[in-house]
Amino acid sequence: MEPSGVIEALWDRIQARDWSGVADLVAEDVVVEWPVSAERIVGNKNFVAVNSEYPGGWSIRVLRIVADGNEVVSEVEVPHDEFGVFRAASFWTIQRGRIVRGREYWTSVGADPRPEWRAALVEPM
């Protein structure tokens with residue numbers, strides 16, 4: 001599978017709650033970093049557990065996937081019934097058809113309010 005296909009399959013399997021399928025895409029010694037919350041997930045089992053144990057009520061909408069060789073970037077939107085809408089920009093490294101490294105920036109929409117100094121220079125989305 002091409003690296004972009006690995007990430008497309010990852011999000012499809014997470015959406016389907018196919019946790020054994022997710023595990024098949026992730027290297028045993030994977031390292032995934034979440035800089036916004038200053039957390040590091042080490043290992044296949046921990047990656048699957050973090051995702052499978054998140055409170056229900058969410059869905060995944062892939063906004064884009066861009067690949068350059070073994071490096072893949074994805075942007076997803078994750079609406080949650082209780083917690084609002086989240087976005088994630090994820091940077092993945094794929095080797096031999098499996099995810100070996102990731103760095104994800106998760107935030108909720110509107111979590112970083114616009115400062116007043118640039119109000120005249122921008123428009124709301």
Side-chain angles (χ1 to χ4, degrees):
M1 189 181 318
E2 291 291 318
S4 61
V6 172
I7 298 309
E8 185 175 343
L10 173 72
W11 292 119
D12 287 347
R13 292 175 189 185
I14 289 174
Q15 171 62 29
R17 278 64 165 178
D18 175 7
W19 304 119
S20 64
V22 169
D24 291 342
L25 297 173
V26 180
E28 290 300 317
D29 59 350
V30 70
V31 175
V32 178
E33 297 174 334
W34 290 351
V36 173
S37 57
E39 296 173 276
R40 181 177 292 123
I41 305 164
V42 179
N44 178 303
K45 287 180 177 45
N46 288 337
F47 181 79
V48 172
V50 164
N51 284 282
S52 66
E53 293 178 21
Y54 193 83
W58 53 267
S59 60
I60 301 281
R61 186 171 77 118
V62 176
L63 302 176
R64 76 184 81 198
I65 295 175
V66 179
D68 183 12
N70 289 337
E71 302 295 322
V72 182
V73 177
S74 63
E75 179 186 8
V76 298
E77 182 173 81
V78 184
H80 190 283
D81 293 341
E82 185 179 343
F83 304 129
V85 179
F86 295 90
R87 289 269 176 96
S90 306
F91 300 82
W92 307 102
T93 303
I94 313 301
Q95 291 179 354
R96 294 177 295 286
R98 297 187 88 190
I99 299 165
V100 296
R101 189 153 189 81
R103 189 169 185 90
E104 297 189 284
Y105 294 87
W106 285 89
T107 189
S108 57
V109 174
D112 188 12
R114 173 193 76 208
E116 279 306 309
W117 68 264
R118 68 177 180 234
L121 306 172
V122 300
E123 58 186 52
M125 291 177 49

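What's counted below: heavy atoms across the whole structure, side chains too, no hydrogens, waters or symmetry copies.
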Q.
Going by the rule ring-ring contact (aromatic ring centres under 6.0 Å, His included), which residues pair with Phe83 if we only count those two or more places apart in sequence or in a different chain?
A.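 ring-ring contact (aromatic ring centres under 6.0 Å, His included) check on Phe83 returns His80.
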So, using side-chain contact (heavy atoms from CB on, under 4.5 Å) as the criterion, who are the partners of [X] when residues are at least two apart?
X      : value
Pro115 : Trp117, Arg118
Thr107 : Ala111
Val78  : Trp58, Ile60, Val76, Phe86, Trp106
Pro113 : none

(Q) Given Asn46, which partner from the list Ile41, Val31, Val26, Val32 fulfils the side-chain contact (heavy atoms from CB on, under 4.5 Å) test? (A)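 Looking at Ile41, Val31, Val26, Val32, the match for Asn46 under the side-chain contact (heavy atoms from CB on, under 4.5 Å) is Ile41.
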Nearest 0.5 Å please: distance from the [atom1] atom of [X] over to the [atom2] atom of [Y].
X     : Y     : atom1 : atom2 : answer
Thr93 : Arg98 : OG1   : CZ    : 15.0 Å
Ile94 : Met1  : CD1   : CE    : 10.0 Å
Leu10 : Asp24 : CG    : CG    : 11.5 Å
Asp29 : Asn44 : CG    : CG    : 9.5 Å

Run the salt bridge (Lys or Arg N to Asp or Glu O under 4.0 Å) test against [X] and tell me which residues pass, sequence neighbours left out.
X     : answer
Glu71 : none
Arg40 : Glu33
Arg96 : none

Can you give me every donor-acceptor pair (side chain of residues 50-57, partner residue at least two apart or in another chain, under 3.5 Å) with its distance?
from, atom 1, to, atom 2, distance (Å)
Asn51, ND2, Phe47, O, 2.9
Ser52, OG, Val48, O, 3.0
Ser52, OG, Ala49, O, 3.4

Q) With no hydrogens and no angle check, is any side-chain donor or acceptor of Arg101 less than 3.5 Å from a backbone partner on Ile99? A)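 Not confirmed, Arg101 side chain does not pair with Ile99 backbone.
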Q: Hey, could you give me each pair passing side-chain hydrogen bond (donor to acceptor under 3.5 Å, both in side chains) that has a residue in residues 1-14? Not counting sequence neighbours.
A: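 Sorted result for residues 1-14: Trp11-Ser74.
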Q: Sequence neighbours left out, what pairs pass side-chain hydrogen bond (donor to acceptor under 3.5 Å, both in side chains) with at least one residue falling in residues 82-91?
A: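 Sorted pair list: Glu77-Arg87, Ser90-Glu104.
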Q) Taking the hydrophobic residues Ile, Leu, Val, Met, Phe, Trp and Tyr, and joining any pair whose side-chain heavy atoms are under 4.5 Å apart, which ones share a cluster with Phe91? A)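 Other cluster members: Val36, Val73, Tyr105.
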Q: Apply side chain to side chain contact (heavy atoms under 4.5 Å, CB included) to the pair Val72 and Ile65, showing each step before the final yes or no.
A: CA-CA 7 Å; Val72 182; Ile65 295 175; 3.6 Å; yes
Q: Tell me whether Val100 is reachable from Val22 by hopping between hydrophobic residues (I, L, V, M, F, W, Y) whose side-chain heavy atoms are closer than 4.5 Å.
A: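 Different clusters.
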Q: Go through Trp92 and Asn70 one step at a time and tell me if the side chain to side chain contact (heavy atoms under 4.5 Å, CB included) criterion holds.
A: CA-CA 8 Å; Trp92 307 102; Asn70 289 337; over 6 Å; no
